[in-house]
Amino acid sequence: AADAASLSGTITVSAASSLTSVFTQLGRSFALAHPGATVAFNFASSSTLATQIEQGAPADVFASASTKEMGHVQRAGDIAGGVSIFARNTLAIVVKPGNPLHIHSLADLVKVRVVAICVPSAPCGAAARKALAGSHVVLPTSKITLGQDVKSTLAQVTTGDADAAIVYVSDARTVGAKGSTVAIPTSENVITSYPIGLVKTTTRRALAWAWIAYVLGPVGQRALRAANFLAAH
Amino acid sequence: MSLDAEVSVTLGPFELNVALRVDDGEVVAVLGPNGGGKTTLVRALAGLHSLRAGHVTLDGVVLDDPSARIFVAPEHRQCGVVFQDYCLFAHLTTEENVAFGPRSRGVSKADAHHRALEWLDTMGLAGTAHLRPDRLSGGQAQRVALARALATGPRLLLLDEPMAALDAGARASVRHQLGRHLEGFAGPCVVVTHDPLDAAALADRLLIVEDGHVVQSGTLAEVTARPRTAYVAELMGLNLLRGRARGTHLVLANGTTLQTSVDANGDVFAVIAPRDVALYSSPPGGSPRNTWSTRVDEIHRLGTRARVLLGAPVPIAAEVTSEAVSDLGLGEGAPVWASVKATQIDVYGA
Amino acid sequence: MSLDAEVSVTLGPFELNVALRVDDGEVVAVLGPNGGGKTTLVRALAGLHSLRAGHVTLDGVVLDDPSARIFVAPEHRQCGVVFQDYCLFAHLTTEENVAFGPRSRGVSKADAHHRALEWLDTMGLAGTAHLRPDRLSGGQAQRVALARALATGPRLLLLDEPMAALDAGARASVRHQLGRHLEGFAGPCVVVTHDPLDAAALADRLLIVEDGHVVQSGTLAEVTARPRTAYVAELMGLNLLRGRARGTHLVLANGTTLQTSVDANGDVFAVIAPRDVALYSSPPGGSPRNTWSTRVDEIHRLGTRARVLLGAPVPIAAEVTSEAVSDLGLGEGAPVWASVKATQIDVYGA
Amino acid sequence: MSIQRRPPLAVVAIATATVAFLAVPLVGLLAKVSWSSLWGDLTSPVATAALGLSLVCSLWTVVISLAFGVPLAWVLARFDFPGRSLVRALATLPMVLPPVVGGVALLLAFGRNGILGRPLFDVFGVQLTFSTAGAVMAETFVAMPFLIITVEAALRTVDPRFEEAAATLGAGRWKVFRRVTLPTIAPSLVAGSALTWARALGEFGATVTFAGNIQGRTQTLPLAVYVALEGNEQVAIALSLALLAVSLVILVSLRGWWLGAIRS
Amino acid sequence: MSIQRRPPLAVVAIATATVAFLAVPLVGLLAKVSWSSLWGDLTSPVATAALGLSLVCSLWTVVISLAFGVPLAWVLARFDFPGRSLVRALATLPMVLPPVVGGVALLLAFGRNGILGRPLFDVFGVQLTFSTAGAVMAETFVAMPFLIITVEAALRTVDPRFEEAAATLGAGRWKVFRRVTLPTIAPSLVAGSALTWARALGEFGATVTFAGNIQGRTQTLPLAVYVALEGNEQVAIALSLALLAVSLVILVSLRGWWLGAIRS
Ligand SMILES: Nc1ncnc2c1ncn2[C@@H]1O[C@H](COP(=O)(O)OP(=O)(O)OP(=O)(O)O)[C@@H](O)[C@H]1O
Ligand SMILES: Nc1ncnc2c1ncn2[C@@H]1O[C@H](COP(=O)(O)OP(=O)(O)OP(=O)(O)O)[C@@H](O)[C@H]1O
Ligand SMILES: [Mg+2]
Ligand SMILES: [Mg+2]
């Protein structure tokens with residue numbers, strides 16, 4: 001680690017909104033571990049974050065929910081050094097409490113009125129499409145409602161009137177009594193990766209690296225696993 | 001009778017209490033000082049103020065009676081109203097303004113516009129049919145308002161100073177046209193005016209409203225002969241005095257006594273025409289029984305004549321020629337002698 | 001002289017071309033038929049219409065001159081204006097309305113309100129100081145407008161029918177007050193009015209504007225004596241004829257010849273007072289040199305007198321008593337004989 | 001001609017700055033357009049469906065808002081009743097609510113398990129969520145307050161004496177309202193409709209939450225833009241510009257036409 | 001007293017239905033509140049920071065919109081210049097733009113690499129993204145058009161003769177505007193400000209895109225609600241209700257006070 005002086009100040013971490021609760025919690029423990037340092041978070045969808053960084057917004061670290069957005073930013077030359085995968089995720093089906101329509105697999109989804117899936121460009125949407133294609137399930141567009149991110153996709157079932165949603169396991173585990181989770185077998189499932197990297201224009205390089213190391217390190221990984229993410233490797 | 005109304009309206013601190021009967025075909029002129037309640041009366045009759053008490057009956061149909069909980073909405077009263085400030089619709093042309101009433105009463109569009117054009121023509125406004133009110137002069141606007149009210153073929157006509165903004169020529173001719181129309185008009189008509197000439201030309205009867213009350217009513221001749229308030233006297237150009245009569249002596253409030261030729265007793269009004277008041281620079285001799293010395297308060301010039309307002313002890317006006325004013329060297333505050341013949345003081349019970 | 005203006009304004013199809021000079025302390029009354037351009041003139045002088053050509057000069061300072069590209073904004077002209085429709089600010093009380101001007105000219109709030117209250121008092125409106133204009137009667141509103149214009153202490157006064165809505169009593173007293181104020185007023189003043197009495201009482205000079213042009217100007221006596229348009233003649237209650245004079249013969253356009261007592265030649269105006277026109281039911285004998293048979297067009301009743309409008313060949317009005325009307329059995333369309341003495345026809349060059 | 005003075009320089013400067021502030025971002029968007037692919041982006045089935053749906057839904061929103069909002073505005077402006085200011089505030093609140101929460105609130109009221117939605121579904125079999133009607137409903141919920149507030153304010157400035165004059169001419173209340181009141185407030189009515197329409201056209205959060213994002217049924221243009229934005233910014237910008245162009249044409253042309261129509 | 005008639009039944013029915021439509025969803029929200037945790041949810045540092053920031057940003061938006069939007073509205077309403085209807089439409093477009101695209105447009109204009117943002121940063125070192133000023137800017141961009149449109153419409157209905165009368169009394173243009181024009185359009189000014197404020201208060205898409213979602217700096221209440229929705233819907237509803245309550249109080253009290261202040 002670098003010397004304490006360079007580890008004080010504030011960094012801004014642009015993070016995908018699915019990381020909201022786990023990163024908020026990690027930020028607090030990071031601040032405790034590094035007195036004088038604070039982490040400010042900027043939670044939004046990965047693509048919004050990418051646009052902001054391309055337009056020169058003063059972020060120090062970018063934690064994306066997909067390798068695609070990260071690739072974008074990287075190709076634009078806005079990332080200094082390499083990127084690391086710090087977490088992974090996999091899909092599940094969430095249905096109404098008690099599974100009234102008896103959904104047990106992706107194929108059963110053709111029975112329902114409306115399925116909520118993330119927009120194709122969002123990482124969860126790309127993954128869901130890949131999974132559906134992999135198991136040869138074709139859903140007509142009139143049965144698909146597109147959620148702009150995982151949470152709003154999930155909310156279409158928990159709050160709204162959609163019958164099923166394909167979301168990340170990490171999100172599916174939070175539904176509680178408002179829904180039931182149907183697991184997707186590994187053979188039909190898809191795994192997505194969460195990359196993190198240093199934004200080139202950062203002025204607090206040392207602190208930013210410290211944060212990345214913290215997320216990749218044991219504390220970070222433990223917290224991510226507790227939040228139902230899969231380990232990075 | 002056709003319009004029978006007893007109007008009690010309260011507007012904040014102002015109270016109006018007026019009883020009024022107007023026969024079919026009769027025209028009643030309402031006169032009175034500013035703020036007397038004339039417009040309020042018109043609005044109450046039109047249904048724009050609801051009565052606190054009393055009633056309005058037109059052709060035996062009750063239009064408003066708070067005690068019986070009857071109130072007929074303005075649009076069902078068939079009153080033609082000319083408003084003091086015209087209230088022309090700014091978004092409609094003159095023609096459309098006049099056609100509005102017939103259209104509202106279900107006349108077909110073509111007929112309504114035909115009728116509107118006829119009325120505009122009658123009012124000498126044919127050329128303005130396509131103009132919006134903001135393009136009209138004040139007098140033109142007033143004539144449009146008149147045409148608009150008449151075009152509905154109303155049962156009751158309410159005209160609030162319908163000629164105040166007209167020029168002298170238009171005034172005479174509109175007054176005449178209005179007079180003819182009113183003669184032909186079957187229903188009752190109420191005209192508010194400040195001009196005794198209008199009243200004389202148009203109205204059968206006068207109603208003087210002051211401070212929310214009727215202070216006098218009757219034909220022009222009756223009202224002129226026996227004014228009962230300062231306003232009426234001033235309107236008719238007369239001096240009005242109030243006092244106690246003892247035989248042919250009239251004692252004013254300030255103790256001054258005038259000699260009259262009428263035998264009376266008790267509280268009386270006395271009327272003196274200004275032209276019967278003679279002015280002198282020194283004590284006059286001769287027959288006039290009432291002669292006193294006073295000062296000039298104000299001088300109002302009226303072309304070749306002048307009105308000289310005199311101060312205590314008898315505050316009246318004298319009308320003399322402009323030459324007399326200069327001959328007598330009159331100016332405001334100047335001393336002067338005044339005299340009135342006893343026979344030129346008319347006395348009647350208060 | 002103090003106000004010197006040559007006003008050319010174009011408003012759509014309407015053209016105004018008026019030259020006007022008013023000395024300090026002088027009051028000029030502008031009269032004319034509805035739509036003649038009086039209000040337009042006032043607005044141009046106040047800077048609310050810009051000139052197309054000409055100039056407005058006040059105290060030697062050019063306020064508007066399109067050729068020199070000079071235009072002084074209304075707020076820098078120090079004109080007190082009373083608008084024909086008052087234009088009181090609906091969101092301010094009477095007092096605040098009157099105080100608005102002084103406040104705008106930098107007077108302190110306390111002083112402005114003090115001054116406003118004084119003016120309201122002068123106008124007999126002390127009781128309405130805290131009211132909004134929608135609570136005022138028409139006459140009260142007009143007096144507030146007058147007070148508001150005077151309270152700014154203007155260099156030039158422009159009054160557009162300042163007394164049209166006043167009751168007879170208030171009218172005389174406001175006319176007098178206004179007259180006194182105008183006497184004390186150092187600057188030039190222009191009063192638009194329809195009432196020759198107002199003009200007589202207030203103005204030194206008259207300007208008659210018809211259809212955008214000055215058709216006549218001069219003192220009241222000059223204008224009365226020699227009207228040059230039908231409007232002026234009607235205003236003064238006179239009959240105006242136009243024709244060619246050959247010695248003491250006057251030939252009208254329709255060929256009718258009248259005998260006069262004035263030797264003249266060429267195009268002339270002839271004036272006849274209505275009371276000098278005598279009416280008979282059969283051909284009269286006697287001295288009058290002009291006698292003809294005609295029909296009654298209209299009858300306008302004026303209290304105890306009536307105006308009888310006669311048809312061809314000499315379209316003039318006769319003024320007779322109401323009794324005469326019934327004695328002669330006059331009605332509209334009735335045949336009648338008329339006569340005028342040669343000495344009662346005044347003739348002057350056109 | 002009444003004098004037309006030039007506006008003071010300071011005001012012109014401020015106004016210009018304001019226009020610049022509002023316009024420069026739009027110019028920025030224009031600069032980003034890839035003109036070569038523009039036509040293809042705009043004529044894709046997804047884009048045309050979304051644009052059509054947006055127009056349909058937003059116009060319905062304006063119609064419904066006029067039909068229901070103007071009466072409410074009239075009652076609020078003209079009648080004194082207990083709780084009036086509360087009702088007025090209530091009518092304003094949907095504007096303040098973050099749109100997504102507005103969508104949640106609509107779900108709670110009109111969703112299949114909602115207060116009114118459950119009986120509606122159980123008795124009539126009507127389901128509003130995931131339907132075009134639901135999209136219109138979401139837009140109306142968010143946009144109608146703009147109409148109500150604008151029209152109410154305008155109604156308060158109408159001089160009642162003109163309405164009174166119309167009544168004495170025999171015009172019933174409805175006729176007075178249509179022939180005198182409405183023409184008088186025409187500018188505000190047009191302005192309010194434009195605000196409502198614009199708000200509805202840009203509506204995103206409430207629609208996506210309540211009505212969902214189903215292509216061809218509830219995927220209005222902003223939703224399509226969002227979907228595109230996550231993947232292909234070019235398409236998103238192209239769609240946004242299409243929205244702007246359509247709005248521009250409609251706003252400019254409608255204004256003149258509408259003002260004219262009401263007055264005649 | 002002028003006659004006060006009862007409104008026609010049909011109108012009352014429509015108005016009531018409208019109020020119900022707008023109110024039932026709010027009732028639905030209320031029913032969802034977990035009252036036990038409400039106090040804790042509302043007094044968390046995140047919630048109070050977001051609420052404070054929302055109020056600050058939205059009030060700044062109103063102030064800036066008044067300062068810049070009213071002059072523009074005046075110029076649009078009173079002066080005829082070539083391209084006027086284009087400028088008016090331009091001022092309307094930010095309302096139509098989906099807010100997220102509005103945010104992108106703002107980035108393209110005022111981001112560090114934007115048309116104006118780059119010189120601003122290079123010369124003055126001013127960076128608007130991720131700053132509270134940026135949040136205000138985003139809200140202003142989206143909300144100011146509401147003020148401009150409302151005020152312009154109102155200005156068109158003002159009778160110029162009153163302004164002329166004021167001018168002859170010696171009031172300069174500024175004084176005429178302040179003492180005659182503004183009081184006359186006060187209802188619309190208040191309405192427009194309320195609309196602007198409400199729109200700014202609910203603003204989400206443009207803010208999150210342009211200014212980011214940084215707690216205490218740019219995380220306004222709708223953004224906090226969004227973040228809360230990711231985790232805990234209860235908190236999101238509690239925050240929304242706080243927003244509603246604050247709006248209710250401000251709208252109801254401000255209206256009376258403001259109208260009074262302008263008139264006096
Ligand atoms: N809405 C109102 N509220 C309270 N008082 C009012 C209202 N309208 C009028 N008044 C008062 O009622 C009185 C009568 O007003 P009204 O307009 O009837 O007088 P008017 O006789 O028509 O006068 P004018 O000849 O000047 O037109 C006035 O003192 C006026 O101030
Ligand atoms: N804004 C305008 N545009 C076009 N024409 C107008 C406009 N304003 C007035 N006019 C016309 O100009 C003429 C003169 O109007 P003005 O108001 O000056 O008459 P006026 O002499 O004051 O009449 P009145 O005695 O009736 O008040 C009228 O014919 C009127 O129709
Ligand atoms: Mg009156
Ligand atoms: Mg005039």
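A, B, ... follow the sequence lines: proteins, then strands. Residue 1 opens every chain.
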Under the side chain to side chain contact (heavy atoms under 4.5 Å, CB included) rule, what do E:L90 and D:L26 come out as? Steps first, then yes or no, please.
CA-CA 9 Å; E:L90 255 182; D:L26 302 182; 3.6 Å; yes
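Here E:A15 is the residue among E:A236, E:G114, E:A15 with the most heavy-atom pairs under 4.5 Å with chain D. Put simply, of E:P145, E:G28, E:A109, E:P25, the one with the most heavy-atom pairs under 4.5 Å next to chain D is E:P25. Taking chain D as the reference chain and counting heavy-atom pairs below 4.5 Å, the highest number among E:F204, E:F110, E:F81 is found for E:F110.
Using a 4.5 Å cut-off between heavy atoms, D:M144 contacts chain E through its side chain alone, with no backbone atom that close. Using a 4.5 Å cut-off between heavy atoms, E:A10 makes no contact with chain D at all. Within the 4.5 angstrom heavy-atom criterion, atoms from both the backbone and the side chain of E:L93 approach chain D. The contact between D:L116 and chain E is made entirely by side chain atoms (from C-beta outward), counting heavy-atom distances below 4.5 Å. Within the 4.5 angstrom heavy-atom criterion, only side-chain atoms of D:I115, from C-beta onward, approach chain E. Only the side chain of D:W74 comes within less than 4.5 Å of a heavy atom of chain E; its backbone N, CA, C and O stay farther away. Using a 4.5 Å cut-off between heavy atoms, D:P8 contacts chain E through both its backbone and its side chain. In this structure, chain E has heavy atoms under 4.5 Å from both the backbone and the side chain of D:T140. Neither the backbone nor the side chain of E:L107 comes within less than 4.5 Å of any heavy atom in chain D. No part of D:A31 comes within reach of chain E, as not one of its non-hydrogen atoms sits under 4.5 angstrom from that chain. For chain E, the nearby parts of D:V24 are the backbone and the side chain; heavy atoms of each come within less than 4.5 Å.
Between D:L248 atom CG and E:L86 atom CG the span is 6.0 Å, to the nearest 0.5 Å. Distance OG/E:S188 to CD1/D:I185: 10.0 Å, rounded to 0.5 Å. Remark: E:T196 OG1 to D:M95 CE distance equals 9.0 Å, nearest 0.5 Å. Atom CG of D:L97 is separated from atom CG of E:L201 by 10.0 Å, given to the nearest 0.5 angstrom.
Contact of the D:V75 side chain with the E:V11 side chain is registered, since non-hydrogen atoms from C-beta on lie closer than 4.5 Å. Using a 4.5 Å heavy-atom cutoff, the side chains of D:V101 and E:I237 are not in contact. At a threshold of 4.5 Å between non-hydrogen side-chain atoms, the residues E:I14 and D:L72 do not count as touching.
For the side chain to side chain contact (heavy atoms under 4.5 Å, CB included) test with E:V87, the passing option among D:V19, D:T16, D:T18, D:L22 is D:V19; the others fail.
Contacts with chain E (heavy atom to heavy atom, under 4.5 Å) involve these residues of residues 238-245 of chain D, listed by number: D:S240, D:L243, D:L244.
Minimum heavy-atom separation, D:P99 to E:G202: CD-O, 3.5 Å.
The aromatic rings of E:F21 and D:F141 sit perpendicular to each other, their planes meeting at more than 60°, with 30° as the lower class boundary.
Remark: E:R84 pairs with E:D80 by the side chain to side chain donor-acceptor pair (under 3.5 Å) rule, at least two apart or across chains.
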